[in-house]
Amino acid sequence: MNTIHGRQVTCLLLVILSGWSLTMSAANGRDGWLILVLACLCSLLFTALCCLPAERMPTVRWFDLPYTVLGNGCSMVYLILLSALAFWSLCIAVCSSVIFLRTVSNGEWPVWLLAAAVLICAACTAQNGIQKLALWAEPVIWVVIVSLLVSLLLSWRQLDWTQLFPVLEHGWSGVPFRVYLLLSVPFGEVFYAAAVLGSNAGTQVRTGLLRACVLAGILLCLLYIRNICLLGVQGANMVLYPSYTAASVLEFGESFQRGEVLISGSLIVCAVARIALILEFLSGSIQAATGKASRRQTIWLSAVLAGIVCVLFAGSNQAFADAQELYQIVFLPVVLTAAIILFAGVWRKGKQ
């Protein structure tokens with residue numbers, strides 16, 4: 001089996017988490033950067049928990065662990081529930097990308113065409129396997145980081161730092177729930193990465209994932225602060241995509257007029273990587289649950305079904321915002337419970 005080293009793990013997850021800046025709202029106001037910091041710190045414990053089962057049984061593929069420690073009946077229910085959750089994640093990720101593309105293109109492109117383009121790219125990436133996706137992420141992350149850092153540097157002279165104060169104007173009320181939402185998404189989706197990468201025995205998966213969470217937390221905080229200081233709290237809350245809008249109002253002479261193009265292209269690549277990772281997890285869980293499904297067929301069938309859902313439900317930005325908040329509320333308890341159950345089973349098995 002080809003293994004993936006820690007640097008590639010970091011690049012892969014960092015590409016995926018960086019894509020959150022594409023649709024990151026300013027709903028948390030001046031406190032948003034602090035909420036991100038707290039969510040990032042909490043994600044380190046969650047990431048370590050997700051990695052423990054595969055570390056304790058490194059010779060067993062992650063998707064085979066439930067059958068090894070839970071028994072046939074329980075493991076099938078376990079994997080089916082995770083497959084349903086992963087399909088929900090897939091639909092949310094696809095709709096998020098398509099709504100963004102449709103919004104910034106002023107509705108010139110139909111939803112079905114945008115969904116098809118995104119899903120074909122993601123499915124082609126996923127069917128090549130996690131090793132190829134990790135190799136692909138290494139050079140891509142530099143494109144993403146450079147474009148985001150250039151965007152930050154170009155906006156430096158226009159920032160109004162007074163927009164950050166006062167912090168915690170309303171005290172700590174509501175902070176735990178807002179931290180919970182960001183811990184759930186984007187950081188909670190590290191569960192998928194830990195599961196897919198857990199099959200690579202002998203790699204430094206946990207170290208790579210932890211490093212990526214920290215770097216992503218720093219990057220997202222910087223972008224959030226930039227958005228608030230450049231657009232103001234009210235201005236950032238009035239637009240759907242503050243990061244895109246902030247890049248579009250940069251002033252850097254006649255030679256640099258379309259700053260939003262600098263970041264939007266690279267972050268769409270991040271969205272494709274996120275969808276590919278979810279497809280990889282979904283195909284693995286369905287294969288393990290059924291024992292018969294073809295990996296290639298599962299990936300493409302899941303992509304087609306997600307595309308149909310996207311075409312049916314990607315028409316309203318407000319409806320999608322409500323659906324994404326519900327997803328954030330539900331996602332973390334499910335994957336946290338799944339990680340605890342699997343770790344408890346592995347730990348008990350090791351004691352026998």
Side-chain angles (χ1 to χ4, degrees), residues 13-44 96 100 104 141-187 211-252 256 258-267 270-271 321 324 328:
L13 185 61
L14 187 54
V15 165
I16 292 165
L17 293 179
S18 297
W20 177 253
S21 60
L22 187 72
T23 54
M24 179 173 61
S25 72
N28 291 316
R30 296 181 178 89
D31 306 335
W33 65 272
L34 180 60
I35 306 298
L36 275 165
V37 169
L38 295 175
C40 178
L41 292 176
C42 293
S43 74
L44 301 181
S96 173
F100 171 77
V104 300
I141 190 57
W142 290 108
V143 177
V144 173
I145 294 297
V146 168
S147 64
L148 293 177
L149 289 179
V150 168
S151 173
L152 286 168
L153 290 173
L154 292 177
S155 59
W156 185 262
R157 296 174 59 186
Q158 297 173 241
L159 300 184
D160 179 8
W161 297 100
T162 61
Q163 294 290 334
L164 289 179
F165 303 101
V167 178
L168 292 175
E169 184 177 8
H170 303 291
W172 290 95
S173 175
V175 168
F177 179 68
R178 290 183 289 168
V179 170
Y180 167 87
L181 290 180
L182 286 180
L183 175 60
S184 181
V185 179
F187 291 105
R211 189 188 301 128
C213 287
V214 172
L215 294 175
I218 293 172
L219 183 62
L220 292 174
C221 282
L222 290 174
L223 287 170
Y224 191 94
I225 290 171
R226 188 279 304 274
N227 296 344
I228 293 295
C229 291
L230 190 61
L231 301 175
V233 177
Q234 288 186 335
N237 276 308
M238 288 175 62
V239 296
L240 287 173
Y241 305 109
S243 296
Y244 180 84
T245 304
S248 68
V249 300
L250 294 178
E251 297 175 359
F252 195 68
F256 193 88
R258 298 302 303 274
E260 68 273 22
V261 177
L262 183 67
I263 66 167
S264 58
S266 59
L267 293 181
C270 295
Q324 181 159 274
Q328 286 182 283

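Heads up: numbering here begins at 1 and tracks the sequence.
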How many angstroms lie between atom [atom1] of [X] and atom [atom2] of [Y], to the nearest 0.5 angstrom?
X    : Y    : atom1 : atom2 : answer
L36  : M24  : CG    : CE    : 6.5 Å
L152 : I145 : CG    : CD1   : 10.0 Å
L223 : S155 : CG    : OG    : 8.5 Å
Y241 : S25  : OH    : OG    : 11.0 Å
R178 : Q328 : CZ    : CD    : 13.0 Å
L230 : I225 : CG    : CD1   : 13.0 Å

Nearest heavy-atom neighbours spanning [X] and [Y]:
X    : Y    : value
A39  : L183 : O-CD1, 3.7 Å
R30  : Q163 : NE-O, 3.0 Å
C270 : V144 : SG-CG2, 3.6 Å
C213 : S43  : CB-OG, 3.7 Å
G29  : I228 : O-CD1, 3.9 Å

**Prompt:** Which of these, L148, L231, L159, sits in a side chain to side chain contact (heavy atoms under 4.5 Å, CB included) with R226?
**Reply:** L159
Taking C-beta and beyond as the side chain, do [X] and [Y] meet within less than 4.5 Å on heavy atoms?
X    : Y    : answer
L153 : W156 : no
L181 : I35  : no
Y244 : V239 : no
Y224 : N28  : yes

**Message:** Once side-chain hydrogen bond (donor to acceptor under 3.5 Å, both in side chains) is applied, do any residues pair with S243, and if so which ones, sequence neighbours excluded?
**Reply:** N227
**Request:** Could you list the residues that satisfy salt bridge (charged side-chain N to carboxylate O under 4.0 Å, His left out) with R211, not counting sequence neighbours?
**Result:** none
**Asked** So, D31 side chain and L168 main chain: donor-acceptor pair closer than 3.5 Å or not?
**Response** yes
If you look only at distance, which donor and acceptor atoms sit under 3.5 Å apart when one is on a side chain in residues 14-22 and the other is two or more places apart or in another chain?
| residue | atom | partner | partner atom | Å |
| --- | --- | --- | --- | --- |
| S18 | OG | L14 | O | 2.6 |
| S21 | OG | S18 | O | 2.6 |

**Request:** Begin from the C-alpha positions of L164 and W161 and carry the test side chain to side chain contact (heavy atoms under 4.5 Å, CB included) through to its verdict.
**Result:** CA-CA 6 Å; L164 289 179; W161 297 100; 3.9 Å; yes
